[in-house]
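Here is the structure we will look at.
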Amino acid sequence: MPVETSATARSLLAELERLGDPKDAEFLKRFFKTAPGEYGAGDRFLGIRVPVTRKLVRQHRALPLQQITALLHSQWHEARLLALLILVDQHRRAAADQQSVIHRLYLDNTRHINNWDLVDLSAEHLVGPHIAENAALLPALAASASLWERRIAIMATFHPIRRGEFAPTLRIAELLLDDEHDLIHKAVGWMLREVGNRDRAIEERFLKPHYQRMPRTMLRYAIEKFPEALRQRYLKGKV
């Protein structure tokens, strides 16, 4: 059943529907793999580009959490994205106690954070700053049956990476080495690459005992910025 929304949430949904473009919607449905059996199966798009959504964030940054939650429960991908971007904006400006409320709301609604763009634009900001509060959180997400919760686990570690703290990324990367999904391979490789961009020696200390076990996509992402000769040694298993 559709979620009953408040008047403000309804007005925002109506605005999103006015902004939608059917041609863009068809493109986004293909881009985000919404056909039966694909990772985004059943997701629905209005056809709104991210810059337009970000403009709406600035206009509605004070939206109450109850109404943001209603948007997050929408059938429309762009409404869920708008909700998450407003949460990111509010979290950035909030006091610590309100940040914890937003963080909890996010974790309570992960089933609606159900495509890679929704994860990648939110997990770093709404989970990452709270890693130290709960050491069990990221391992629990990494062990989830939900593809998107597993991606949240690794993408949340971008927050400490940016602060020069690499242990959370290496811990979750190790837990996800045997994950079967390509979207996890890409995300783990991406975060390892970000570690290496800041300290290649630390990345290599992780890679050397693990690279031959890694899915090929994960390894390729992880070593993308390495000098070509070194990259080839990893690809040929000769490190």
Side-chain angles (χ1 to χ4, degrees), residues 2-21 24-25 27-28 31-32 40 43-134 137-138 141 148-149 151-163 187 191 194:
V3 173
E4 186 66 19
T5 60
S6 69
T8 303
R10 286 198 194 95
S11 67
L12 275 174
L13 286 168
E15 186 171 2
L16 288 169
E17 290 175 3
R18 287 195 298 272
L19 291 168
D21 182 307
D24 281 346
F27 167 78
L28 292 170
F31 184 76
F32 286 106
D43 205 354
R44 301 185 66 184
F45 288 82
L46 291 164
I48 303 170
R49 301 293 176 144
V50 173
V52 177
T53 307
R54 289 193 180 280
K55 183 177 179 180
L56 290 174
V57 173
R58 294 191 293 271
Q59 295 170 355
H60 301 285
R61 64 193 326 177
L63 193 68
L65 291 183
Q66 182 179 11
Q67 297 177 36
I68 295 173
T69 304
L71 285 176
L72 189 54
H73 291 185
S74 172
Q75 64 180 324
W76 298 113
H77 186 102
E78 292 92 342
R80 301 196 302 279
L81 177 59
L82 176 59
L84 290 167
L85 292 178
I86 293 174
L87 285 177
V88 168
D89 181 78
Q90 290 191 4
H91 187 279
R92 178 179 57 81
R93 296 182 292 108
D97 58 344
Q98 184 64 9
Q99 288 182 336
S100 294
V101 171
I102 293 170
H103 169 65
R104 187 71 254 166
L105 185 156
Y106 184 86
L107 292 178
D108 287 343
N109 286 278
T110 54
R111 68 188 181 92
H112 302 288
I113 306 165
N114 57 351
N115 216 310
W116 59 262
D117 64 319
L118 303 180
V119 171
D120 294 0
L121 289 170
S122 62
E124 171 191 354
H125 308 287
L126 302 180
V127 179
H130 301 271
I131 290 171
E133 301 167 10
N134 182 358
L137 174 59
L138 294 190
L141 290 169
W148 308 117
E149 289 191 345
R151 188 160 172 123
I152 287 169
I154 188 63
M155 291 306 302
T157 71
F158 210 164
H159 178 85
I161 286 174
R162 292 187 192 276
R163 286 152 181 77
M191 290 301 100
E194 292 295 336

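Any value given below was found using the heavy atoms of this structure, including those in side chains, with hydrogens, waters and symmetry copies removed.
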Pairwise distance [atom1]([X]) to [atom2]([Y]) - rounded to 0.5 angstrom:
| X | Y | atom1 | atom2 | result |
| --- | --- | --- | --- | --- |
| Leu71 | Leu87 | CG | CG | 9.5 Å |
| Gln66 | Leu105 | CD | CG | 11.0 Å |
| Phe32 | Asp117 | CZ | CG | 3.5 Å |
| Leu46 | Arg18 | CG | CZ | 12.0 Å |
| Leu138 | Glu149 | CG | CD | 11.5 Å |
| Gln67 | Leu13 | CD | CG | 10.5 Å |

Which atom names give the shortest non-hydrogen contact between [X] and [Y], and what distance separates them?
| X | Y | result |
| --- | --- | --- |
| Tyr106 | Val127 | CE2-CG2, 3.4 Å |
| Leu121 | Val88 | O-CG2, 3.7 Å |
| Gln99 | Ala94 | NE2-O, 3.4 Å |
| Trp76 | Phe45 | CZ3-O, 3.6 Å |
| Asn115 | Gly40 | ND2-CA, 4.0 Å |
| Ile131 | Ala156 | CD1-O, 3.9 Å |

Test Leu19 against Lys55 for side chain to side chain contact (heavy atoms under 4.5 Å, CB included), laying out the working first. CA-CA 12 Å; Leu19 291 168; Lys55 183 177 179 180; over 6 Å; no
Could you walk me through whether Ile48 and Leu81 pass side chain to side chain contact (heavy atoms under 4.5 Å, CB included), step by step? CA-CA 10 Å; Ile48 303 170; Leu81 177 59; over 6 Å; no
I'd like to know if the side chain of [X] and the backbone of [Y] have a donor-acceptor N/O pair within less than 3.5 Å.
| X | Y | value |
| --- | --- | --- |
| Glu78 | Gly47 | yes |
| Asn109 | His112 | no |
| Arg80 | Ser74 | yes |
| Arg44 | His77 | no |
| Gln90 | Leu63 | yes |

May I ask you to say whether Asp120 pairs ionically with Arg151, meaning some side-chain N is under 4.0 Å from a carboxylate O? yes
One pair to check against side chain to side chain contact (heavy atoms under 4.5 Å, CB included): Ile86 and Leu82. What are the steps and the verdict? CA-CA 6 Å; Ile86 293 174; Leu82 176 59; 3.9 Å; yes
Would you say the side chain of Ile102 lies within less than 4.5 Å of the side chain of Leu65, judging by non-hydrogen atoms? yes
His91 and its ring-ring contact (aromatic ring centres under 6.0 Å, His included) partner, picked from His130, His159, His125: His130
